[in-house]
Amino acid sequence: QVQLVESGGGLVQPGGSLRLSCAASGVTFSSYAMSWYRQAPGKERELVATISSTTGSTNYTNYADSVKGRFTISRDNAKNTMYLQMTSLKPEDTAVYYCKGIRVRPLSVYWGQGTQVTVSS
């Protein structure tokens with residue numbers, strides 16, 4: 001059974017930091033490109049950051065403009081876990097954060113259940 005489980009969310013003051021984790025099970029983690037998405041109340045889900053699989057020829061990370069320089073995505077294949085280090089948090093970062101795994105061949109897509117991040121004083 002495939003599972004992606006997020007953790008690390010919570011309440012933090014503006015300017016603070018949090019580290020989110022996404023633990024995967026039931027998949028060959030290294031073959032999946034992994035992403036963080038977020039969805040704020042009343043808004044559509046948006047892509048925050050992506051990190052490539054480590055089985056391809058090219059390794060990359062991509063970020064939404066709104067988080068560049070503040071967020072860092074990483075992965076530890078030995079632990080089947082992806083991370084999102086968030087710094088200089090702003091109230092507009094408040095959202096439910098979801099992790100997603102995608103493998104192209106054969107196509108497989110999995111989502112986690114989400115973790116709430118609230119940035120407020």
Side-chain angles (χ1 to χ4, degrees):
Q1 181 181 0
V2 177
Q3 278 193 312
L4 298 180
V5 180
E6 301 96 333
S7 61
L11 173 64
V12 63
Q13 291 187 342
S17 299
L18 279 176
R19 188 177 80 156
L20 305 183
S21 299
C22 172
S25 59
V27 295
T28 305
F29 183 68
S30 60
S31 66
Y32 282 75
M34 300 296 297
S35 297
W36 287 99
Y37 284 73
R38 68 186 180 187
Q39 187 166 20
K43 295 188 176 182
E44 294 188 354
R45 192 173 296 190
E46 63 173 351
L47 176 62
V48 175
T50 297
I51 186 166
S52 62
S53 74
T54 54
T55 56
S57 58
T58 304
N59 294 326
Y60 62 85
T61 57
N62 290 322
Y63 298 90
D65 288 343
S66 59
V67 306
K68 279 182 183 176
R70 299 189 299 122
F71 290 9
T72 302
I73 190 171
S74 61
R75 65 191 299 159
D76 184 337
N77 288 342
K79 296 181 178 180
N80 283 3
T81 301
M82 171 182 65
Y83 304 98
L84 186 69
Q85 180 68 50
M86 305 186 294
T87 63
S88 302
L89 282 161
K90 305 174 181 180
E92 51 264 43
D93 294 317
T94 295
V96 177
Y97 283 71
Y98 299 89
C99 67
K100 172 187 171 183
I102 182 168
R103 183 183 63 186
V104 176
R105 297 185 185 90
L107 181 62
S108 299
V109 182
Y110 300 102
W111 289 90
Q113 83 290 347
T115 186
Q116 176 70 48
V117 171
T118 303
V119 184
S120 175
S121 55

If Ile, Leu, Val, Met, Phe, Trp and Tyr residues are connected whenever their side-chain heavy atoms lie under 4.5 Å apart, and connections chain through other members, are [X] and [Y] in the same group?
X: Phe29; Y: Tyr110; answer: yes
X: Tyr98; Y: Leu84; answer: no
X: Tyr97; Y: Tyr83; answer: no
X: Met86; Y: Tyr63; answer: yes
X: Met34; Y: Val104; answer: no

Under the side chain to side chain donor-acceptor pair (under 3.5 Å) test, residues paired with [X] that sit two or more places apart:
X: Thr87; answer: none
X: Asn77; answer: Thr54, Arg75
X: Ser52; answer: none

Name every donor-acceptor pair, under 3.5 Å, that has one atom in a side chain of residues 64-73 and the other anywhere in the protein, sequence neighbours excluded.
unit_1, atom_1, unit_2, atom_2, d
Asp65, OD1, Lys68, NZ, 3.2
Ser66, OG, Arg38, NH2, 3.4
Arg70, NH1, Ser88, O, 3.0
Arg70, NH1, Asp93, OD2, 2.8
Arg70, NH2, Ser66, O, 2.9
Arg70, NH2, Asp93, OD1, 3.0
Arg70, NH2, Asp93, OD2, 3.4

[X] to [Y] - nearest heavy-atom pair and separation:
X: Ala95; Y: Ala40; value: CB-N, 3.8 Å
X: Lys43; Y: Gln39; value: O-NE2, 3.1 Å
X: Gln116; Y: Thr118; value: NE2-OG1, 3.3 Å

Exercise for the section: Would you list the pairs meeting disulfide (SG to SG under 2.5 Å) in which at least one residue belongs to residues 24-85, sequence neighbours left out? Expected result: none
Handout entry: Contact list for residues 110-121, test salt bridge (Lys or Arg N to Asp or Glu O under 4.0 Å), sequence neighbours left out
Key = none
Exercise for the section: Keeping to residues at least two apart or across chains, list the side chain to side chain donor-acceptor pair (under 3.5 Å) pairs with something in residues 3-15. Expected result: Glu6-Gln113
Exercise for the section: Scan residues 23-36 for pairs that pass side chain to side chain donor-acceptor pair (under 3.5 Å), counting only residues two or more places apart or in two chains. Expected result: Ser35-Thr50
Completion exercise
Contacts of Arg19 meeting salt bridge (Lys or Arg N to Asp or Glu O under 4.0 Å) (sequence neighbours excluded), chain-then-number -> none
Problem - Results of ring pair (Phe, Tyr, Trp, His ring centres under 6.0 Å) for Tyr37 - residues two or more places apart only - result: Trp111
Problem - Gap between atom CE of Met82 and atom CG of Asp76 - 0.5 Å precision - result: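 Between Asp76 CG and Met82 CE, I get 12.5 Å after rounding to 0.5 Å.
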Practice task
Count the heavy atoms of every other residue, nucleotide or ligand shown that sit under 6.0 Å from CD of Glu44, and state whether that count exceeds 12.
Solution key: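 Not more than 12 within 6.0 Å, no.
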Practice task
List for me each residue that meets side chain to side chain contact (heavy atoms under 4.5 Å, CB included) alongside Ser57, sequence neighbours excluded, and say none if there are none.
Solution key: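 For Ser57 there are no side chain to side chain contact (heavy atoms under 4.5 Å, CB included) partners, ignoring immediate neighbours.
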Handout entry: For Val12, all residues meeting side chain to side chain contact (heavy atoms under 4.5 Å, CB included), sequence neighbours excluded
Key =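 Testing Val12 for side chain to side chain contact (heavy atoms under 4.5 Å, CB included), a comparison that skips the adjacent residues, returns Leu18, Leu89, Val119.
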